[in-house]
Amino acid sequence: MKTLAQKVWDAHVVRSAAGEPDLLYIDLHLLHEVTSPQAFDGLRMAGRPVRRPDLTIATEDHNTPTDNLLTIADPVSRTQIETLRRNCAEFGVKLHPLGDPEQGVVHVMGPQQGLTQPGTTIVCGDSHTSTHGAFGALAFGIGTSEVEHVLATQTLPQARPKQMAVNFVGELQPGVTAKDLILALIAQVGTGGGRGYVVEYRGPVIEQLSMEGRMTISNMSIEWGAKAGLIAPDETTFAWLKGRRFAPQGDAWDAAVEYWRTLRTDEDAVFDREVTLDVSQVTPFVTWGTNPGQGAPLDAAIPDPESFVDEAEKAAAERALAYMGLTPGQKLREVEVDVVFVGSCTNGRLEDLRAAAGVLKGRKVADGVRMLVVPGSAAVRAAAEAEGLDQVFTEAGAEWRFAGCSMCLGMNPDTLKPGQRSASTSNRNFEGRQGKGGRTHLVSPPVAAATAVVGRLAAPADLV
Amino acid sequence: MDKFTSHTGAAVPLRRSNVDTDQIIPAVYLKRVTRTGFEDGLFSAWREDPAFVLNDPAYAEASILVAGPEFGTGSSREHAVWALRDWGFRVVIAPRFGDIFRGNSLKQGLLTVELPIDAVESLWARSESDPTAEVTVDLAAREVRAGASTWAFELDDFSRWRLLEGLDDIGLTLLHADAITAFEAARPVYQPVVA
């Protein structure tokens, strides 16, 4: 009588005592340059080693340029990257630096090497660690104090979360992607709807999704406040993993798969809460506001703040529209954009690039629109080039970049200018997220590509 | 970590909901490798507006921030907690917090207190009419007191004890190093290592 998440949790309890959080063992710790330097400093000051360098792996992604692999122009950014390199060398941690064939956004880098496996516990000083839940792993973001704790002990004290099921019912409509589903869900439940819960995404629609689509869903679990978002591993998961570099081999593979098949919520398990999303009602979905819950179907108009019953939501909508430079009643399809960004840990994998390229092929990015296509990892970039996607993008007039977080977070050189508006396949439309004063509409890769062609928010079906 | 037993100070009313960690400190301030000096990034975009409450000299001495629901959602950046601490805040009161932010705050001696929206409204009104009005946040009693009002708040016993004693989590965990070693010895062979 356990949920999937409870099974994974229980298999990792090092110590349990009444009135205390459980001490959980961590199978894989992912590091990047931004949230780790202060943690390594803490180890150094206390004279502590990294307990399990063999379960720890680092990459460079947040603060790196995507126009070249050699020069980090900003000295402060360069120092942060160099600090990661020094720390990894000193503490014996494996690092995929800029230029390495496995370098990339941390949540693309782990899965592509087969390090993300069902039933494991995975943490990273990054809230989108929830991505790895797509494999049936218990994966969640942590702060720098916790990064130091995991480096030193390979464990984390964690209070037992509540359990929620998200049931996707109904039939998926043509042209609707995993991104539309998760944006529609967040609009339904609100940014705090998952707080205190580990959630499990379930239903035939989830089972039919590719691993890439599942990662897009799990990735945005944090955007509605959930601690983690799991999907039960199945044949799709096993097929995706088999043969990858760190996937088990031979007898170990058989033993692993046998165990992974047990990682399903028991029939009689009880969730503390269940939420249902009717996917047959979902059409291409975009955000209009400044949090991921402020979204609407592309077919709709900008809502009137007066239509919100809750006072806080009304005030938030008023503020959001002022920031976004939008007026109630304006059709979303009339909203003009300056920049289109395809990439990030949400939508920077090969399938996402294929979807965008499929729309762009034989078309041109609209005059005055800048489009950046940023693969999630160097390996995704190489795979995309092997099928000629880079040519589709460059022939359409888009910029084909190197791997990194890029315009998702306004930290590296890829940013919006004040007042610029983007359609972005990333995960956060917060004020200034993509650069001070920038205005972000979250969209799926096909909507991003169609928007680039039209110059206004658009779906592929709108293209002649 | 600094011990936290009780704190009395003036409060800043931040009448906003969904204050995400990108607002608390934008990513551009996260390039540093130090652990202090982040106060310049705190609400840096909003502080460009002269009318923003933190620019009001009347609240210059305040050490308690009172905000709307869903405070600290979004990114895991602990820099958000450091920036609030570096600015001089010891307590944030809001109806609900983002989970990761809350966890980070309690590890850094920034007490995050959940009170219902009507209590928050009352605290907003009080510090707007008198910016020097003091609020006491008593962790030992798990109470917030302001004038004639008292509100109880919840915090689990373990987190409260760690804050009251100012305990280092890593030190506590390493008391159980034997249990960790025993757990490691029993891990299945098919689990991945990065080497």
Side-chain angles (χ1 to χ4, degrees), chain A residues 14-15 19-21 23 25 27-28 34-35 37-38 41 54-57 63 76-77 79-80 83 94 114-115 117 120 125-127 141-146 148-149 152-155 157 159 191-192 195-196 225 227 246 248 252 255-256 291 312 315-316 409-411 428 430-433 436, chain B residues 15-18 20-23 26-28 30-35 44-46 68-70 73-79 81-82 96-101 103-104 107-108 117 156-159 168-174 176-177 179-180 182-184 187-195:
Chain A
V14 171
R15 179 178 176 273
E20 291 183 38
L23 190 63
Y25 198 78
D27 292 320
L28 180 65
V34 179
T35 56
Q38 298 86 352
D41 269 349
D54 59 332
L55 303 182
T56 310
I57 190 164
N63 202 356
V76 185
S77 297
T79 298
Q80 191 172 61
T83 301
K94 187 173 177 180
L115 284 166
Q117 295 181 14
T120 56
D126 188 281
S127 60
I142 58 178
T144 297
S145 295
E146 291 173 314
E148 184 182 339
H149 192 284
T153 71
Q154 204 58 33
T155 64
T191 52
R195 206 186 63 126
K227 181 167 186 76
F246 292 107
N291 72 57
L409 85 164
M411 177 164 196
R428 291 194 172 128
F430 298 154
E431 289 180 29
R433 170 73 179 185
K436 198 160 129 192
Chain B
R15 282 188 180 267
R16 290 188 192 185
S17 61
N18 274 295
D20 58 74
T21 52
D22 276 80
Q23 304 320 312
V28 72
L30 275 49
K31 298 178 180 186
R32 300 170 187 164
V33 297
T34 52
R35 204 164 191 147
S44 65
W46 291 351
E70 318 303 348
T73 53
S75 152
S76 66
R77 59 189 70 169
E78 196 161 307
H79 312 66
V81 173
W82 303 336
R96 284 187 303 276
F97 292 93
D99 263 343
I100 305 177
F101 174 82
N104 290 342
K107 291 191 189 319
Q108 289 296 316
I117 188 71
D156 68 274
D157 291 340
F158 187 76
S159 300
D168 160 30
D169 260 357
I170 297 177
L172 286 177
T173 295
L174 288 175
H176 309 297
I180 300 173
F183 184 94
E184 284 176 328
R187 292 178 78 231
V189 292
Y190 50 76
Q191 293 208 320
V193 292
V194 304

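Throughout, protein chains are lettered first and strands after them, A, B, ... in sequence-line order, and every chain is numbered starting at 1. Keep in mind it's a predicted model, so treat the numbers as computed, not measured.
Here B/Arg35 is the residue among B/Arg77, B/Arg32, B/Arg35 with the most heavy-atom pairs under 4.5 Å with chain A. For the set A/Leu409, A/Thr120, A/Val34, the count of heavy-atom pairs under 4.5 angstrom toward chain B peaks at A/Val34. Of all the listed residues (A/Pro157, A/Ala252, A/Ser145), the one sharing the greatest number of non-hydrogen pairs under 4.5 Å with chain B is A/Ser145. Counting heavy-atom pairs under 4.5 Å between each of B/Thr21, B/Asn104, B/Thr73 and chain A puts B/Asn104 at the top. For the options A/Ile57, A/Leu55, A/Thr35, heavy-atom pairs under 4.5 Å to chain B are most numerous at A/Leu55. The choice from A/Gln154, A/Gln80, A/Lys436 that makes the most heavy-atom pairs within less than 4.5 Å of chain B is A/Gln80. Per-residue heavy-atom pair counts under 4.5 Å with chain A were compared for B/His176, B/Gln191, B/Arg15, and the maximum is reached by B/His176.
With a 4.5 angstrom heavy-atom cutoff, B/Thr34 touches chain A only via backbone atoms. At a 4.5 Å heavy-atom cutoff, A/Ala315 makes no contact with chain B through either its backbone or its side chain. Heavy-atom distances place the side chain of A/Asn291, and not its backbone, under 4.5 Å from chain B. Interface remark: A/Arg15 contributes side-chain atoms only to the contact with chain B (heavy atom separation under 4.5 Å). B/Ser75 touches chain A through backbone and side chain together, each having a heavy atom under 4.5 Å away. Both the backbone and the side chain of B/Tyr190 come within less than 4.5 Å of a heavy atom of chain A. The contact between B/Ile180 and chain A is made by backbone and side chain atoms together, counting heavy-atom distances below 4.5 Å. Heavy-atom distances place the side chain of A/Asp41, and not its backbone, under 4.5 Å from chain B. Heavy-atom distances place the side chain of A/Thr83, and not its backbone, under 4.5 Å from chain B. Proximity to chain B is limited to the side chain of A/Leu23, based on heavy atoms less than 4.5 angstrom apart. In this structure, the portions of B/Asp169 lying under 4.5 Å from any heavy atom of chain A include both its backbone and its side chain. Interface residue B/Arg187: only side-chain heavy atoms are found under 4.5 Å from chain A. Of the two parts of A/Thr153, the backbone and the side chain both hold a non-hydrogen atom closer than 4.5 Å to a non-hydrogen atom of chain B. Looking at B/Asp168, only its side chain comes within 4.5 Å of chain A, counting heavy atoms on both sides. Looking at B/Val189, there are no atoms closer than 4.5 Å to chain A (heavy atoms on both sides), in backbone or side chain. Residue contact with chain B, scored on non-hydrogen atoms closer than 4.5 Å, involves the side chain of A/Leu28 exclusively.
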Run the side chain to side chain contact (heavy atoms under 4.5 Å, CB included) test on A/Glu431 and B/Asp22 for me, step by step, so that the C-alpha distance in whole Å, both residues' side-chain angles and the decisive distance to 0.1 Å come before the verdict. CA-CA 8 Å; A/Glu431 289 180 29; B/Asp22 276 80; over 6 Å; no
CA sep, side-chain torsions, deciding dist, call: B/Val194, A/Thr56, side chain to side chain contact (heavy atoms under 4.5 Å, CB included): CA-CA 7 Å; B/Val194 304; A/Thr56 310; 5.9 Å; no
For B/Lys31 and A/Ser77, what are the C-alpha separation, side-chain angles and deciding distance, and is it a side chain to side chain contact (heavy atoms under 4.5 Å, CB included)? CA-CA 6 Å; B/Lys31 298 178 180 186; A/Ser77 297; 3.3 Å; yes
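Ring geometry, B/Phe101 versus B/Phe97: the interplanar angle falls under 30°, so the pair is classed parallel (tilted spans 30 to 60°).
Taking the ring centre of B/Trp46 as origin, the terminal cationic atom of B/Arg16 falls inside the region bounded by 6.0 Å and 45° from the ring axis.
Residues A/Ala159 and A/Pro21 come closest through the heavy atom pair N-CB, 3.7 Å. Smallest separation of non-hydrogen atoms from B/Asp99 and A/Gly225: OD2-O, 4.0 Å. The heavy-atom pair separating B/Ile100 from A/Gly141 by the smallest distance is CD1-O, 3.7 Å.
Applying the side-chain hydrogen bond (donor to acceptor under 3.5 Å, both in side chains) rule to B/Thr173 yields the partners A/His149; only residues at least two apart in sequence or on another chain are considered. Scored by the side-chain hydrogen bond (donor to acceptor under 3.5 Å, both in side chains) test, A/Arg428 finds A/Ser127, A/Glu223 as partners (sequence neighbours excluded).
A/Gln117 places a side-chain N or O within 3.5 Å of a backbone atom of A/Gly114 that can act as its donor or acceptor partner. The closest donor-acceptor contact from the side chain of A/Glu146 to the backbone of B/Lys107 lies at 3.5 Å or more, if one exists at all.
The closest side-chain donor-acceptor pair between B/Gln23 and B/Asp20 falls under 3.5 angstrom.
Between A/Arg195 and B/Glu70 there is no salt bridge, since no side-chain N of the basic residue sits under 4.0 Å from a carboxylate O of the acidic one.
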